[in-house]
Amino acid sequence: MQKNRIINVDNSINSGQVFLWRKNGKYWYGVNGQDILKITDSGTIKSYQNIKTDFFRKRDNIEEIIKSISKDAITKDAVKQYLGLRILEQDPFQCLISFIVSSNSNIQKIKSSLENISRKFGKRVKFDNQEFFLFPKPSKLAKASIDEIKSCGVGYRAKFIKEAAKIVLYKKIDFETLQKDSYQEAKEKICQIPGVGNKVADCVLLFSLNKLDAFPLDRWMIRILEKYYSKQFQLETKTITEKQYEILHEKIVKHFGPYAGYSQQFLFKMERENYQKKWL
DNA sequence: CGCCTCCCTGGACT
DNA sequence: AAGTCCAGGGAGG
């Protein structure tokens, strides 16, 4: 059972959860809000600011979680193949902006847009003799003009970013409260933010607000459900409407249990690797 | 409620 | 070389 505790840093970072990361030699470096994290291949974190974080969610009882989500052959296979893949716990504001930017986009483009945003609006710092840009604070993006934000390559999402930053800045949405809320409560609140629908909301909830029952349903996950789970979750229509998303999520949690979000991560990783999609 | 169209960018293909 | 096509979520009609 001890082997289950191993963290596979490469797989965890290369699984569509985070974007502002690069590998330099044997270390991964990444921007996490107002901090820069440096990760060794065993998963030990040294950081620029030493802001406390459980980035790899070491507090989770991963043996228990794996046991809980291994409900069928496909999941068991994905878990076995990518043992050590973890859900990462990110800075909520950066996570929110990242997934607003992600809508109608792909990993390469999201990465470049976010790098532009950090470079343009974030504070430049030196860490380990390398240059980094922290993720901009809400106040900075709330003050920025739409055109300035657009110049980062985010297109029509620029106004969503500015509005989201304002909502966070003025505490109309408070991440600490969302942490304590139930999945349903937190989701309803976060979906009020422009540019945040079901899928983006679930990413933010799962990757930064400790909601392990969130299960982001993007094109890839729908494809996976159609391919492997058509009997369990029959998908009648081509387009996933809001109502259907909700019904599907209920079925998914019923099948995979309270840690469904972890199963999503394993399945997503497996399928994208099968199609040899590029990561960071 | 479901369905349609538009919003942008960048890479692939022609 | 310039044009067309496409992937990818959310909002509004």
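Because the structure is a prediction, the values reported are computed rather than measured. We name chains A, B, ... by the order of the sequence lines, and we start the count at 1 in each one.
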Where protein sits on nucleotides 8-13 of chain C, one letter per nucleotide: B base, S sugar-phosphate only, - none, heavy atoms under 4.0 Å = BBSS--

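- Ring orientation note: the planes of A:Phe132 and A:Tyr29 are tilted relative to one another, at an angle of 30° to 60°.
- Helix bend of the helix from B:dC3-C:dG13 to B:dT14-C:dA2: the angle between its two end axes, each built from five pairs, comes to 40° after rounding to 10°.
- Rounded to whole angstrom, the span from the NZ atom of A:Lys150 across to the P atom of B:dT9 amounts to 8 Å.
- Residues meeting the side chain to side chain contact (heavy atoms under 4.5 Å, CB included) test with A:Lys227, sequence neighbours left out: A:Glu271, A:Tyr275.
- Not counting sequence neighbours, A:Arg272 has no partner by the side-chain hydrogen bond (donor to acceptor under 3.5 Å, both in side chains) test.
- Residues A:Leu267 and A:Gln264 fail the side-chain proximity criterion, which asks for heavy atoms closer than 4.5 Å.
- When each of A:Gly153 and A:Lys243 is assigned the nucleotide of DNA chain B bearing its nearest heavy atom, the one mapping closer to the 5' terminus is A:Lys243.
- A search for side chain to side chain contact (heavy atoms under 4.5 Å, CB included) contacts involving A:Ser263 returns A:Ile69, A:Thr75, A:Phe215, A:Phe256, A:Ala260, not counting sequence neighbours.
- The separation between A:Leu114 atom CG and B:dT9 atom P is 15 Å, rounded to whole Å.
- Residues forming a side chain to side chain contact (heavy atoms under 4.5 Å, CB included) with A:Ser103 (at least two apart in sequence, or on another chain): A:Tyr156, A:Arg157.
- Here salt bridge (Lys or Arg N to Asp or Glu O under 4.0 Å) pairs that include residues 28-47 of chain A, with residues two or more places apart or in two chains, are A:Lys38-A:Asp128.
- Counting only residues at least two apart or on different chains, the side-chain hydrogen bond (donor to acceptor under 3.5 Å, both in side chains) pairs with a member in residues 132-155 of chain A are A:Ser145-A:Glu148.
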Check the interface with nucleotides 3-5 of chain C: list each N/O to N/O pair with the protein under 3.5 Å, or write none.
none

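- Every side-chain hydrogen bond (donor to acceptor under 3.5 Å, both in side chains) that A:Glu131 has, sequence neighbours left out, goes to A:Arg124.
- When the P atom of B:dG2 is taken as reference, atom CD of A:Glu246 falls 11 Å away, rounded to whole Å.
- For A:Gln232, the side chain to side chain contact (heavy atoms under 4.5 Å, CB included) test picks out A:Tyr229, A:His255, with sequence neighbours left out.
- If you take NZ of A:Lys159 and C1' of B:dC7, they are 7 Å apart, rounded to a whole angstrom.
- The distance between atom NZ of A:Lys278 and atom P of B:dG11, rounded to the nearest whole Å, is 10 Å.
- Taking Ile, Leu, Val, Met, Phe, Trp and Tyr as members and joining any whose side-chain heavy atoms lie under 4.5 Å apart, directly or through other members, the hydrophobic cluster of A:Leu169 also contains A:Tyr170.
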